[in-house]
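Since the model is a prediction, treat every value here as computed from it, not as a measurement. Order of listing sets the numbers, starting from 1, for every ligand and every atom in it. In what follows, residues are counted from 1 in the order of the sequence shown.
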Amino acid sequence: MTLQEILEHRRAVRIYDPNKPLDDEKVKSCIRLSTLAPTSSNMQLWECYHVTNPEVLQKLTHACLDQSSARTAQQMVVFVTRQSRHRDHAKQVLKAGIDDILKNSPKDRQEHRIRLQKLYYNGLMPMQYSRFLGIKGILNKLLAQCIGLFRPIVRQVSEGEVSTVVHKSCALAVQTFMLAMSEQGYDTCPLEGFDSRLVKKALHLPYNCGINMIITCGIRLPEGVRGDRMRIPFEEQYHKV
Ligand SMILES: Cc1cc2nc3c(=O)[nH]c(=O)nc-3n(C[C@H](O)[C@H](O)[C@H](O)COP(=O)(O)O)c2cc1C
């Protein structure tokens, strides 16, 4: 399929065929492809749970308010944000960055580039991603406002805004996954209509993670797609500047 065909084939599917199971390995390979999605600062603060166990599927269906897409799904993939892993991920990204500089940068630039990378991943990342009852975000916001008087600066640094940053990156992985599934001829539906407390309970997840989206998976029945695709006029969304 061409990219256009993949995009046109992907629809939000609300009823899946109960007689068409999915190949776990193919779904897993689509999840692996989703890791190629970009993330902010390459921090990759997300993970996912590929659910095939019928008991857990049942619990998740209940958590998804018994929506038909969940009720009829053969499998589900739950995308979860893990902001609290920022230190570990920053360490891994920094190490890879330094290795890359040593391998590919001119000798006379290496020291300077490594210093910048260390400043970014050892200094800025913990400052951006660590949380403390919203207070940390207020302090970051004040600091950004002050520095912003003199130069351009990223201002979306409150704890709520940083959480949005993490969710944005995770959503790109979600879309990558759904397109990979579409290429396999598999169908999906992204859900945010769920009770996050019940989802965490079903998957034994900690309180401090975020449930980004639950993707139901299966192969569509013809009536599983609700009507023709509706999009608002392109002119309302497209602005050439
Ligand atoms: C973030 C997000 C949350 C969604 N949540 C639900 C949901 O809870 N239940 C549902 O049936 N569809 C849900 N959808 C699917 C949308 O309703 C659907 O994508 C939209 O109507 C466009 O249809 P299409 O995907 O077939 O083009 C969600 C989509 C997104 C992107």
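Heavy-atom proximity to Met213, at under 4.0 Å, picks out these atoms of ligand 1: 1 (C). Using a 4.0 Å cut-off to heavy atoms of Arg10, the atoms of ligand 1 that qualify are 24 (P), 25 (O), 27 (O). Less than 4.0 angstrom separates some heavy atom of Arg14 from each of these atoms of ligand 1: 10 (C), 11 (O), 12 (N), 15 (C), 16 (C), 17 (O). Every atom of ligand 1 is numbered from 1 in the order shown, and the set under 4.0 Å from a heavy atom of Arg11 is 24 (P), 26 (O), 27 (O).
If you check the side chains of Ser130 and Lys136, you find a donor sitting under 3.5 Å from an acceptor.
Contact annotation: for Arg226 versus ligand 1, there are no heavy atoms closer than 4.0 Å. Contacts with ligand 1 closer than 4.0 Å are made by no heavy atom of Met230, backbone or side chain.
At least one heavy atom of Pro190 sits less than 4.0 Å from an atom of ligand 1.
Not one N or O of Leu191 is nearer than 3.5 Å to an N or O of ligand 1, by distance alone. Backbone and side-chain nitrogen or oxygen atoms of Cys189 are examined, and none is located within less than 3.5 angstrom of a nitrogen or oxygen of ligand 1.
With hydrogens and angles disregarded, no donor-acceptor distance shorter than 3.5 Å links the side chain of Gln67 to the backbone of Phe194.
Within a 4.0 Å radius of atom 20 (C) of ligand 1, the protein contributes no heavy atom.
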